[in-house]
Amino acid sequence: MASQTNIDAACKEIEKGYSCCDVADALLKLKVPQAGFLPDVLPIPRTASPAACLVASISTVLFVDKNQQPGHPRAQYTPAESNIPSDKHWTDCPTPGTVVLMQQPDGQLCALLGDIVASRLKHRGVKAAVIHGRSRDIAACQELCSDGKFQVWSKGTSTVGTSMEAKPWASDVPLHVGGLLVNAGDIMVADEAERGITIIPTDKLEDVMKLLPGLKEADDNVLKDVNAGVDLNEAFKRHRGHYVNAK
């Protein structure tokens, strides 16, 4: 497994030179499910230009139905017991410097995050909140994100607070979101400009870093040829690396 120093260096390299689409091309080559794409989760609208591509390790928080009790029947993949300390708010659990990925039970109408929760996370040094569910206080969250030092992504919005339907249950546990299995420590590439998120499993990071330069070069060269008037078949033939599944 890569050391934290190597992971941090890889994150910085991706931020500087690649998009979430470039990373997805590498993950497709590696046959990672869905090429790591987390569907239907979008950044909250911003009045400023998109923030720089954010690449960071993931902390996870699983939310459950508000009536869930330890040891009682529970949804699939939900731990029997909560691991969030009783004397702490869940916002104290995510590791500073990470992106917190939050999973909400399907079908709920409440928001998992509003401006107060987002402010606490930002104050603690969390880089972004990504909600596989709903957020609220959008105008205030826009202002909170306006300096480019924090991001909020979600599948939808709400006007209702979390307590109506949900409660935090477990931190840094595996999440099953959008067809992906995401573990704490995996790498998120959250690209506001592309309006997309790609997730790199930790054990694939080294392979991704090896593939990215060649795939990006082939892609750039195909585009250069097409802009010079070369037809696509010929451009693809010249730069076989553009086909990420080519042997």
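Residue numbers start at 1 and run along the sequence shown.
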Do Ser59 and Val126 have side chains that approach each other closer than 4.5 Å (heavy atoms only, starting at C-beta)?
no

Among all residues two or more places apart in sequence or in another chain, which pass the side chain to side chain contact (heavy atoms under 4.5 Å, CB included) test with Ala10?
Leu205, Met209

Can you establish whether the number of heavy atoms outside Ile116 located under 6.0 Å from its atom CD1 is more than 12?
no

The criterion is ring-ring contact (aromatic ring centres under 6.0 Å, His included); which residues satisfy it with Tyr18, sequence neighbours excluded?
none

Backbone N or O of Ala170 within a donor-acceptor pair of the Ser82 side chain at under 3.5 Å?
no

Is there side-chain contact between Pro96 and Arg124, with at least one heavy-atom pair below 4.5 Å?
yes

Minimum heavy-atom separation for Leu211 and Ala26, please, with both atom names.
CD1-O, 3.8 Å

Are Leu180 and Gln34 close enough that some pair of their side-chain heavy atoms sits under 4.5 Å apart?
yes

Of all heavy-atom pairs linking Leu101 and Leu175, the shortest is O-CD1, 3.5 Å

Which atoms form the tightest heavy-atom contact between Cys20 and Gly196, and what is the distance?
SG-O, 3.7 Å

Main-chain N/O of Lys224 paired to Asn227 side chain as donor or acceptor, under 3.5 Å:
no

Looking at every non-hydrogen atom in both residues, tell me the closest pair between Ala129 and Met102 and how far apart they are.
CB-SD, 4.3 Å

Using the rule that Ile, Leu, Val, Met, Phe, Trp and Tyr join whenever any side-chain heavy atoms are under 4.5 Å apart, tell me whether Trp169 and Val100 fall into a single cluster.
no

My understanding is that only residues two or more places apart in sequence, or in another chain, count here; which of them pass side chain to side chain contact (heavy atoms under 4.5 Å, CB included) with Asp203?
Pro201

Tracing side-chain links under 4.5 Å among I, L, V, M, F, W and Y, which residues wind up in one group with Leu109?
Val160, Met164

Pairwise side-chain contact, Gln104 with Arg134, heavy-atom cut-off 4.5 Å (strictly under):
yes

Would you indicate whether the side-chain heavy atoms of Asn183 and Leu181 approach each other to under 4.5 Å?
yes

Please check this pair: side chain of Thr60 against backbone of Val173, looking for a donor-acceptor N/O pair closer than 3.5 Å.
yes

Look at the side-chain heavy atoms of Ile, Leu, Val, Met, Phe, Trp and Tyr, link any pair under 4.5 Å apart, and say whether Val55 and Val23 land in one connected group.
yes

Quick one: list whatever passes side chain to side chain contact (heavy atoms under 4.5 Å, CB included) with Ala128, sequence neighbours left out.
Leu54, Val99, Gln151

Glu234 atom CD, neighbour heavy-atom count above 12 within 6.0 Å
yes

Can you get from Trp153 to Val189 by hopping between Ile, Leu, Val, Met, Phe, Trp and Tyr side chains that sit under 4.5 Å apart?
no

With a 4.0 Å cut-off on N to O distance, would you call Asp220 and Lys216 a salt bridge?
yes

Flag the pair Asp219 / Cys21 as yes when at least one side-chain heavy-atom distance between them is below 4.5 Å, and no otherwise.
no

Do other residues, nucleotides or ligands put more than 12 heavy atoms under 6.0 Å from the CG atom of Asp231?
yes

Within a radius of less than 6.0 Å around NE2 of His89, do more than 12 heavy atoms belonging to other residues, nucleotides or ligands occur?
yes

List for me each residue that meets side-chain hydrogen bond (donor to acceptor under 3.5 Å, both in side chains) alongside Lys122, sequence neighbours excluded, and say none if there are none.
Asp147

Ile131-Val177 co-clustered via ILVMFWY side chain contacts under 4.5 Å
no

Value rounded to 0.5 Å, distance of CG in Asp207 from CD1 in Ile200
11.0 Å

According to ring-ring contact (aromatic ring centres under 6.0 Å, His included), who are the partners of Trp90, at least two apart in sequence or on a separate chain?
Phe63

Output the distance between atom SG (Cys93) and atom CD1 (Ile84), rounded to the nearest 0.5 Å.
5.0 Å

Membership question, hydrophobic clusters at under 4.5 Å side-chain separation (ILVMFWY): are Phe37 and Ile197 in the same one?
no

May I ask you to test the His239-Asp225 pair for a side-chain heavy-atom distance under 4.5 Å?
yes

ring-ring contact (aromatic ring centres under 6.0 Å, His included) with His176: which residues, sequence neighbours excluded?
Tyr77

Is any side-chain heavy atom of Val182 closer than 4.5 Å to a side-chain heavy atom of Gln103?
no

For a side chain to side chain contact (heavy atoms under 4.5 Å, CB included) check, start with the C-alpha distance between Leu212 and Glu13, then their side-chain angles and the critical distance, and finish with the verdict.
CA-CA 10 Å; Leu212 277 174; Glu13 185 174 343; over 6 Å; no

Which other residues end up in the same hydrophobic cluster as Leu223, if Ile, Leu, Val, Met, Phe, Trp and Tyr are linked when side-chain heavy atoms come under 4.5 Å apart?
none

Scan residues 179-201 for pairs that pass salt bridge (charged side-chain N to carboxylate O under 4.0 Å, His left out), counting only residues two or more places apart or in two chains.
Arg46-Glu192

Please confirm whether the backbone N or O of Gly185 pairs with a side-chain atom of Thr202, one donor and one acceptor, at under 3.5 Å?
yes

Under the side chain to side chain contact (heavy atoms under 4.5 Å, CB included) rule, collect the residues that match up with Asn67, sequence neighbours excluded.
Asp65

For the residue pair Ala166 and Leu112, what are the closest heavy atoms and their distance?
CB-CD2, 4.1 Å

Nearest heavy atoms of Leu144 and Phe150, plus distance in Å:
CD2-CD2, 4.1 Å

Which distance, rounded to the nearest 0.5 Å, do you find between the CG of Leu113 and the OG of Ser154?
8.5 Å

How would you list all residue pairs meeting salt bridge (charged side-chain N to carboxylate O under 4.0 Å, His left out) that involve residues 155-181, not counting sequence neighbours?
none

So, taking the atom named CG in Asp115 and the one named CD in Glu143, what distance separates them when rounded to the nearest 0.5 Å?
11.0 Å

